[in-house]
Amino acid sequence: MHHSARIPGRLGRTGAFLTIGSLLVTGCGSVGGGAPAEEVLHDRLPDSVKASGVLKIGSDLNYAPVEFKGADGQPTGLDPELAEAIGKELKVKVEFLDTGFEKLVPGLQSKQFDMAMSAITDNRQRRDGTDDSGQQISPGVDFVDYFMAGTSILVAKGNPKSIKSLDDLCGQTVAVQRGTTQADIAQRQTGACDKGKKPLVIKLTDTDAEALAMVASGKAAADMNDFPVAAYTVQKGVNGAQFDVAGQQLQPNPYGIAVAKDNTQLRDTLVKAVNRIIRSGEYDKILAKWDLKDGAAQNAVVNGG
């Protein structure tokens, strides 16, 4: 979301392939099924996680169907279910800490949690820890990519402004959640709109629900969202309001599990765990449950965005 568009580079793909290859060799060499390999994965975890037996995960639980609170108040959705499956492979419990999206990377770097999993798009700015002007503002993070998601434009039911593309937003007001890839896309579009002398007005909100409320009330012509969230919003509606997706999906990007750059031990162990749940079929089962098969990754990739 929570997310900037780049095609995974060749090095990233090659690195992931080698990891899978070495893991497959390990699996073939284990005796009596996969049990010894599971123990190895647990042993590869950082000492702090092994000692506590808990993997702490920062997440903004306000982004259905990727992560949100169910009727019982517990985390549910794509990310929490994938995290549970990863936890089983690593033989640890997973604990979600509900955290505002903009606070996830700072929280990771101050060690409030071990990883962040919150529909976070892997992009260069987040990896390098730079702001829009290229200035270093944080140490950056590493990503373990596990899902592909593009951006969808959301409009009120019936598309009253006849919006079909980014260019149709020129001369309109768009509401987007701050700190997201969608806010970046809207900001980049202002240049094109200014050239055509039809300025784009951007309203930044703290939550996506606020942006959708602006669209529902006519205060904004559109919101932009990751395709899984947009599809879910169209299907379910929000607070009685109904929406449509306008035009084609924009700029597919990988979601990544974010880890601190100095925590390569956890990063590399997560790669192995994600690849195991993909190979076992558990990954596909979870994606199918949330109707998100279109975003399936073939394998985990480090920093592929």
If every non-hydrogen atom of [X] is compared with every non-hydrogen atom of [Y], which pair is closest and at what distance?
X	Y	value
V141	A258	CG2-CB, 4.2 Å
L108	A116	CD1-N, 3.9 Å
P80	G77	CD-O, 3.5 Å
L41	T269	O-CG2, 3.5 Å
Q172	A221	OE1-CB, 3.7 Å
V94	G87	CG1-CA, 4.0 Å

So, does [X] use its side chain to make a donor-acceptor pair with the main chain of [Y] at under 3.5 Å?
X	Y	result
Q249	G150	yes
S280	E282	yes
Y283	Q298	no
D114	K56	yes
Q109	G140	yes
T76	G70	no
D168	S165	yes
Q136	D128	yes
K50	D43	yes

Value rounded to 0.5 Å, distance of [atom1] in [X] from [atom2] in [Y]:
X	Y	atom1	atom2	value
F113	L104	CZ	CG	5.0 Å
S118	I57	OG	CD1	11.0 Å
L82	I286	CG	CD1	4.5 Å
R44	K272	CZ	NZ	4.5 Å
L61	T99	CG	OG1	8.0 Å
L169	K164	CG	NZ	12.5 Å

Is there a donor in the side chain of [X] and an acceptor in the side chain of [Y], or the other way round, less than 3.5 Å apart?
X	Y	result
T151	Q182	yes
T207	E210	yes
D79	Y146	yes
N225	D208	yes
D167	Q189	yes

Residue from D145, D122, D142 passing salt bridge (charged side-chain N to carboxylate O under 4.0 Å, His left out) with R127: D122
Membership question, hydrophobic clusters at under 4.5 Å side-chain separation (ILVMFWY): are [Y] and [X] in the same one?
X	Y	answer
V92	F96	yes
L204	M224	yes
L154	V174	no
I163	F243	no
V229	V215	no

Under the side-chain contact (heavy atoms from CB on, under 4.5 Å) rule, what do N263 and R267 come out as? Steps first, then yes or no, please. CA-CA 6 Å; N263 201 352; R267 181 197 70 194; over 6 Å; no
Side chains of [X] and [Y]: does their closest heavy-atom pair fall under 4.5 Å?
X	Y	answer
V49	V54	no
M115	M117	yes
N123	N253	no
Q251	I185	yes
V155	K161	no
D226	Y63	yes
T233	K236	no
T130	I137	no

Determine, step by step, whether T190 and I202 satisfy the side-chain contact (heavy atoms from CB on, under 4.5 Å) criterion, reporting the C-alpha distance in whole Å, the side-chain angles of both residues, the deciding distance to 0.1 Å, and the verdict. CA-CA 9 Å; T190 57; I202 301 171; 3.6 Å; yes
More than 12 heavy atoms of other residues, nucleotides or ligands under 6.0 Å from [atom1] of [X]: yes or no?
X	atom1	answer
K93	NZ	no
Q235	CD	yes
K103	NZ	no
N239	CG	no
D291	CG	no

Audit row: Y255, V66, side-chain contact (heavy atoms from CB on, under 4.5 Å) steps and yes/no: CA-CA 11 Å; Y255 283 172; V66 188; 4.1 Å; yes
Between D284 and K293, does any NZ, NE, NH1 or NH2 come within less than 4.0 Å of an OD or OE carboxylate oxygen?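 Looking at K293 and D284, the cut-off is not met.
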With the threshold set at 4.0 Å, does a side-chain nitrogen-carboxylate oxygen contact exist between R178 and D206?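 A salt bridge links R178 with D206.
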Quick one: do Y232 and F227 satisfy side-chain contact (heavy atoms from CB on, under 4.5 Å)? Show the steps, please. CA-CA 8 Å; Y232 190 83; F227 96 80; over 6 Å; no
When the aromatic ring centroids of F147 and W290 are compared, is their separation below 6.0 Å?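 Aromatic pair excluded; centres sit 6.0 Å or further apart.
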